[in-house]
2 protein chains.
Amino acid sequence: MAAVDLTNHPGHLARRLQQAHYLLWNAMVSEEITSPQFAVLNALVDEPGLDQRTVGERVGLDRSTVAEVISRLGRRGLLDKVRDPGDGRRFLLRLTEDGVRTHRKLALRTARMNQVFLAPLSAAEQTQFLDLIRRVADAAEGLRNPGDPGTPVEPLAAPT
Amino acid sequence: MAAVDLTNHPGHLARRLQQAHYLLWNAMVSEEITSPQFAVLNALVDEPGLDQRTVGERVGLDRSTVAEVISRLGRRGLLDKVRDPGDGRRFLLRLTEDGVRTHRKLALRTARMNQVFLAPLSAAEQTQFLDLIRRVADAAEGLRNPGDPGTPVEPLAAPT
DNA sequence: CTGGATTAATCAGTGCCCTGAGTAATCACC
DNA sequence: GGTGATTACTCAGGGCACTGATTAATCCAG
């Protein structure tokens with residue numbers, strides 16, 4: 001009767017997009033290491049010694065989720081977790097050699113996967129696709145982070 | 001060292017987009033009914049009497065997930081589930097009056113939320129945003145559904 | 001009409017994602 | 001230097017998402 005067309009709903013599309021990505025990741029990158037797990041490895045390659053909270057901030061995982069992800073990576077022997085001698089609340093994280101190797105291997109596959117994922121779009125469209133998602137996600141994150149001067153956002157005023 | 005810039009990775013962006021949507025949904029639409037639950041209600045408004053499998057197909061939920069979602073909606077009294085007299089494997093689903101009321105109420109709020117969500121983009125960009133996501137998601141779904149003549153997709157050939 | 005495939009749904013198991021509550025360590029102010 | 005707020009992390013609980021195995025009903029070939 002009064003049903004809505006979900007194909008115009010960004011949330012619905014975002015969910016489908018993520019599902020599609022999940023499946024492709026499993027097929028082309030890894031069945032063991034997930035995309036969020038790779039993001040954590042990637043953050044620690046560049047900055048060893050980060051604590052959990054900061055890693056979560058870098059890759060967009062909340063405190064609970066980042067704890068689970070890190071515990072899995074630890075169980076697999078891809079990273080080590082030691083108490084910060086300077087601040088007993090923190091754990092300092094760093095990749096093991098295995099973690100570095102795994103990251104390097106997956107980085108290559110991830111690049112290939114991204115090409116396949118974006119293949120239906122032209123080069124110009126790909127750039128815009130990433131740009132548009134980034135802008136929407138950044139703005140929405142800003143909505144629940146007052147004090148972040150990034151984009152105050154007038155919620156009800158449609159631009160142009 | 002060899003870290004990758006995740007802000008160019010569609011999968012990472014898709015995840016952040018969905019997280020952002022999740023939070024906005026909670027703030028502007030409902031803390032009780034989730035977006036996938038709304039999608040199921042929406043499917044049943046138009047076509048009462050669908051079975052679980054078909055509902056899942058319509059809204060993009062796999063067999064396990066759709067079972068959980070439907071069981072929650074049933075517990076909340078928003079839909080009824082009866083054995084198909086013509087085929088004892090199926091359950092026929094239909095909304096209760098409460099389900100229809102809930103759907104109507106949330107449909108309005110969802111429309112408002114979508115405006116806020118897309119507000120950082122101009123009208124033209126909004127259209128393209130939805131179009132690009134749809135194309136990428138459709139193509140990726142097609143990759144794991146051979147037999148679906150939608151888009152066979154040459155995975156490694158970049159268009160244009 | 002009967003026995004082997006298919007199909008709808010369930011269940012167990014893993015992982016991501018959020019919230020709210022709790023614990024322990026540190027910081028900051030008096 | 002001690003007390004109250006803040007901070008890092010953990011834990012419990014609810015929900016989405018996938019896989020592989022199982023159950024029950026139906027379909028179809030012989």
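Lettering follows sequence order; numbering is per chain, from 1.
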Short side-chain N/O contact to C:dA8 OP1/OP2 from B:Lys81, under 4.0 Å
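Result: no.
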Between B:Gln52 and C:dA8, is there a contact of a side-chain N or O with OP1 or OP2 at under 4.0 Å?
no
Would you kindly give the [atom1]-to-[atom2] distance between [X] and [N], to the nearest whole Å?
X       : N      : atom1 : atom2 : result
B:Asp62 : C:dC11 : CG    : P     : 15 Å
A:Trp25 : C:dG15 : CH2   : P     : 15 Å
B:Gln37 : D:dG14 : CD    : C1'   : 11 Å
B:Leu23 : C:dC17 : CG    : P     : 12 Å
A:His21 : C:dC17 : NE2   : P     : 11 Å
B:Phe38 : D:dG15 : CZ    : P     : 18 Å
B:Gln19 : D:dG15 : CD    : P     : 19 Å
B:Arg16 : C:dC17 : CZ    : P     : 12 Å

Under 4.0 Å from any atom of DNA chain D, heavy atoms only: list the residues of residues 63-71 of chain A that qualify, in numerical order.
A:Arg63, A:Ser64, A:Ala67
Residues from residues 83-92 of chain B lying under 4.0 Å of DNA chain D - heavy atoms:
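Of all residues in residues 83-92 of chain B, the ones placing a heavy atom under 4.0 Å from DNA chain D are B:Asp87, B:Gly88, B:Arg89.
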Under 4.0 Å, heavy atoms only, any strand: does A:Asp51 hit a base, just the sugar-phosphate, or nothing?
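Answer is sugar-phosphate: A:Asp51 comes under 4.0 Å of backbone atoms only.
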Between A:Arg135 and A:Asp138, is there a side-chain N and carboxylate O pair less than 4.0 Å apart?
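No, A:Arg135 and A:Asp138 are not salt-bridged.
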Indicate whether any N or O donor in one side chain lies under 3.5 Å from an N or O acceptor in the other, for B:Asp5 and B:Thr7.
yes
Exercise: do B:Ser71 and B:Arg75 side chains pair donor with acceptor under 3.5 Å
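The answer is yes; a qualifying pair exists.
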Check side chain to side chain contact (heavy atoms under 4.5 Å, CB included) between A:Ser35 and all other residues, then give those that pass, not counting sequence neighbours.
A:His21, A:Trp25
Quick one: list whatever passes side chain to side chain contact (heavy atoms under 4.5 Å, CB included) with A:Arg83, sequence neighbours left out.
A:Phe91
Measure from the side chain of B:Pro36, starting at C-beta and using heavy atoms only, and say which of D:dA17, C:dT10, C:dC17 lies closest.
D:dA17
My understanding is that only residues two or more places apart in sequence, or in another chain, count here; which of them pass ring-ring contact (aromatic ring centres under 6.0 Å, His included) with B:His12?
none
Could you tell me which non-hydrogen atom of B:Lys81 sits nearest to which non-hydrogen atom of B:Leu93, and how far apart they are?
CG-CD2, 3.7 Å
Going by the side chain to side chain donor-acceptor pair (under 3.5 Å) test, which pairs reach into residues 84-95 of chain B, not counting sequence neighbours?
B:Asp87-B:Arg89, B:Asp87-B:Arg90
Among A:Met113, A:Glu125, A:Gln126, whose side-chain contact (heavy atoms from CB on, under 4.5 Å) with A:Leu118 holds?
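The residue from A:Met113, A:Glu125, A:Gln126 that satisfies side-chain contact (heavy atoms from CB on, under 4.5 Å) with A:Leu118 turns out to be A:Gln126.
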